[in-house]
Amino acid sequence: MKAIFAVIAIATSGIAGTAVANAEYQYGWMTGALPGTELVAANVVRKPAFIGDKSEQAQAMDQATSALNSDYCEKKGTSFIADPKIIIFDKGIGEWMVGGICR
């Protein structure tokens with residue numbers, strides 16, 4: 001449960017972005033870092049909206065990894081590593097929350 005709150009706290013206080021991965025999908029995201037920890041996270045949304053399929057998780061992780069590397073990890077000479085405990089789908093708003101650390 002702490003992981004969920006951490007991801008929500010991170011993602012509500014960060015950097016926003018959008019991208020078109022192909023003609024079918026348009027992605028948007030917000031990234032953030034939890035102060036006092038190594039945790040970084042991204043909330044990823046898509047048009048058409050995510051419905052929670054496992055294949056969508058891979059798409060969201062690709063978008064999150066790219067955004068988090070760019071926003072946080074590359075500056076430190078590291079790469080984003082997702083933590084499986086903080087990869088969560090929120091059905092209420094149709095977004096994937098992906099968290100982890102830069103290593």
Side-chain angles (χ1 to χ4, degrees):
M1 190 59 121
K2 283 185 181 180
I4 294 171
F5 292 125
V7 172
I8 292 168
I10 289 169
T12 59
S13 63
I15 302 166
T18 60
V20 176
N22 61 39
E24 294 180 54
Y25 303 119
Q26 180 178 2
Y27 295 92
W29 58 85
M30 288 185 63
T31 64
L34 189 61
T37 73
E38 294 182 346
L39 286 176
V40 294
N43 288 20
V44 181
V45 294
R46 183 186 78 180
K47 285 185 184 179
F50 288 123
I51 58 172
D53 290 342
K54 273 293 189 191
S55 63
E56 294 175 344
Q57 180 180 347
Q59 295 170 21
M61 287 181 64
D62 288 346
Q63 295 297 317
T65 297
S66 177
L68 292 166
N69 277 332
S70 175
D71 292 352
Y72 298 98
C73 301
E74 289 173 356
K75 297 171 188 171
K76 301 176 185 178
T78 61
S79 296
F80 175 70
I81 306 292
D83 181 339
K85 295 177 193 164
I86 45 181
I87 301 172
I88 304 158
F89 180 68
D90 184 331
K91 289 181 184 179
I93 52 179
E95 75 177 10
W96 283 94
M97 295 175 272
V98 180
I101 59 173
C102 295
R103 280 273 151 95

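Starting from 1, each residue takes its place in the sequence as its number.
Atoms CD1 and CZ, on Ile51 and Arg46 in that order, are 7.5 Å from each other to the nearest 0.5 Å. Separation of atoms CD1 (Ile88) and CD (Glu95) is listed at 10.0 Å; rounding is to 0.5 Å. Remark: Gln59 CD to Glu24 CD distance equals 9.0 Å, nearest 0.5 Å. Between the CG atom of Asn43 and the CE atom of Met97 there is a distance of 6.0 Å, given to the nearest 0.5 Å.
For Ser66 (side chain) and Asp62 (main-chain N/O), no donor-acceptor pair under 3.5 Å exists by modelled atom type. A donor-acceptor pair under 3.5 Å links the side-chain atoms of Asp83 to the main chain of Lys85, judged by distance alone. Judged by distance alone, with hydrogens and angles left aside, the side-chain atoms of Thr78 form a donor-acceptor pair with the main-chain N or O of Cys73 at under 3.5 Å. A donor-acceptor pair under 3.5 Å is formed between the side chain of Asn69 and the backbone N or O of Phe80.
Among all heavy-atom pairs drawn from Ala82 and Pro84, the shortest one is O-CD, 3.7 Å. Between Ala60 and Phe50, the shortest heavy-atom distance links the atoms CB-CZ, 4.1 Å. The nearest pair of heavy atoms linking Ala41 to Leu68 is O-CD2, 3.4 Å.
Met61 and Val45 are assigned to two separate hydrophobic clusters, defined by single-linkage of ILVMFWY side chains at heavy-atom distances under 4.5 Å.
Using a 4.5 Å cut-off on side-chain heavy atoms (C-beta onward), Ile86 and Leu39 make contact.
Between Phe89 and Trp96, the ring-plane angle classifies as tilted under the 30° and 60° cut-offs.
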